[in-house]
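Right, one structure below, let's go through it.
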Amino acid sequence: QVQLVESGGGLVQAGGSLRLSCVASGGTISTWAMGWFRQVPGKEREFVAGINWTGSRTYYADSVKGRFAIFRNNAKNTVYLQMNSLKPEETAVYYCNGADLVTRTSSSDYWGQGTQVTVSS
């Protein structure tokens with residue numbers, strides 16, 4: 001089974017930037033559509049960004065358009081999320097997973113441990 005490990009989170013001031021990475025092991029994700037999701041305690045996990053398997057198409061939640069960028073390196077079995085102009089309300093645990101880009105939901109019930117992003121005001 002493919003395992004996904006997210007990293008790159010941390011504490012950043014509002015307006016700052018972070019780059020998250022999602023590395024897959026145990027198999028290839030090069031043919032998977034992938035997505036980044038985030039979850040705040042007490043709330044449902046929400047779609048943030050998605051990318052098709054070639055990297056030619058990207059999709060974003062309205063709230064992050066123009067500030068976040070998702071991209072991938074299939075040779076490295078890795079998906080990234082560049083986050084700029086971060087806001088305090090974007091404090092959450094961020095996860096990557098296979099994605100259904102039509103419904104903007106995860107295509108797998110398996111989740112990694114995620115990476116905590118904390119944006120201070």
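Just the heavy atoms: all of them, side chains too, but no hydrogens, waters or symmetry mates, feed the values below. Nothing here was measured: the structure is a model prediction, and the numbers come from that model.
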Using every non-hydrogen atom in the two residues, find where Gly114 and Val93 come nearest and quote the distance to one decimal. CA-CG1, 3.8 Å

Same cluster or not: Phe37 versus Tyr59, using hydrophobic residues (I, L, V, M, F, W, Y) connected whenever any side-chain heavy atoms lie under 4.5 Å apart? yes

Return the CD to OG distance between Glu90 and Ser85, rounded to the nearest 0.5 Å. 9.0 Å

Looking only at heavy atoms, which two atoms of Arg72 and Ile29 are closest? And how far apart? NH2-O, 2.7 Å

Return the CG to CD1 distance between Leu101 and Ile51, rounded to the nearest 0.5 Å. 9.0 Å

Between Asn77 (side chain only) and Val23 (backbone N and O only), is there a donor and an acceptor less than 3.5 Å apart? no

How would you list, by chain and number, every residue that makes a side-chain hydrogen bond (donor to acceptor under 3.5 Å, both in side chains) with Gln3, sequence neighbours excluded? none

Search all heavy atoms of Ala24 against all heavy atoms of Gly27 and return the closest pair with its distance. CB-O, 4.4 Å

Test item: Ser107 side-chain N/O and Ala99 main-chain N/O as donor-acceptor pair under 3.5 Å: yes

Without swapping roles, check the side chain of Thr115 against the backbone of Gly9 for a donor-acceptor pair under 3.5 Å. yes

Intermediate values then yes/no, ring pair (Phe, Tyr, Trp, His ring centres under 6.0 Å), Tyr80 and Phe71: CA-CA 5 Å; Tyr80 304 91; Phe71 56 102; 4.9 Å; yes

Per the salt bridge (charged side-chain N to carboxylate O under 4.0 Å, His left out) rule, which among Glu89, Glu46, Glu44, Glu6 passes with Arg38? Glu46

For Ala14 and Pro88, the nearest pair of non-hydrogen atoms, with its separation, is CB-CD, 4.0 Å

Residue pair Gln116 / Thr118, side-chain heavy-atom distance below 4.5 Å: yes

Same cluster or not: Met34 versus Val2, using hydrophobic residues (I, L, V, M, F, W, Y) connected whenever any side-chain heavy atoms lie under 4.5 Å apart? yes

All heavy atoms of Leu4 vs all of Asn97, minimum pair found to be CD1-CA, 3.7 Å

Does Trp36 belong to the same Ile/Leu/Val/Met/Phe/Trp/Tyr cluster as Phe47, with side-chain heavy atoms less than 4.5 Å apart forming each link? no

Yes or no on side chain to side chain contact (heavy atoms under 4.5 Å, CB included) for Val117 and Thr91, after CA distance, side-chain angles and deciding distance? CA-CA 5 Å; Val117 172; Thr91 294; 5.9 Å; no

Does the side chain of Arg67 come within less than 4.5 Å of Gln82's, by heavy atoms? no

Residue pair Phe68, Ile70: steps toward the side chain to side chain contact (heavy atoms under 4.5 Å, CB included) verdict: CA-CA 7 Å; Phe68 288 16; Ile70 185 171; over 6 Å; no

Not counting sequence neighbours, which residues clear side-chain hydrogen bond (donor to acceptor under 3.5 Å, both in side chains) with Thr105? List them please. Thr103

Can you confirm whether the side chains of Ser106 and Ser108 place a donor and an acceptor under 3.5 Å from each other? no

Do Val64 and Tyr94 share a hydrophobic cluster (ILVMFWY, side-chain heavy atoms under 4.5 Å, transitive)? yes

Hits for side chain to side chain contact (heavy atoms under 4.5 Å, CB included) against Ser56, two or more places apart or cross-chain, chain-then-number order -> Asn52, Thr54

Please lay out, stage by stage, how Cys22 and Val5 fare under the test side chain to side chain contact (heavy atoms under 4.5 Å, CB included). CA-CA 5 Å; Cys22 169; Val5 177; over 6 Å; no

Counting only heavy atoms not in Trp53, do more than 12 fall under 6.0 Å of its CH2? no

Identify the heavy atoms of Ala49 and Tyr60 that sit nearest to each other, and give their distance. CB-CD2, 3.6 Å

Would you say that Ser120 contacts Leu11 through its side chain, given a criterion of any heavy-atom pair below 4.5 Å between the two side chains? yes

I'd like to check Leu20 versus Met83 (side-chain heavy atoms, cut-off strictly below 4.5 Å). Are they in contact? yes

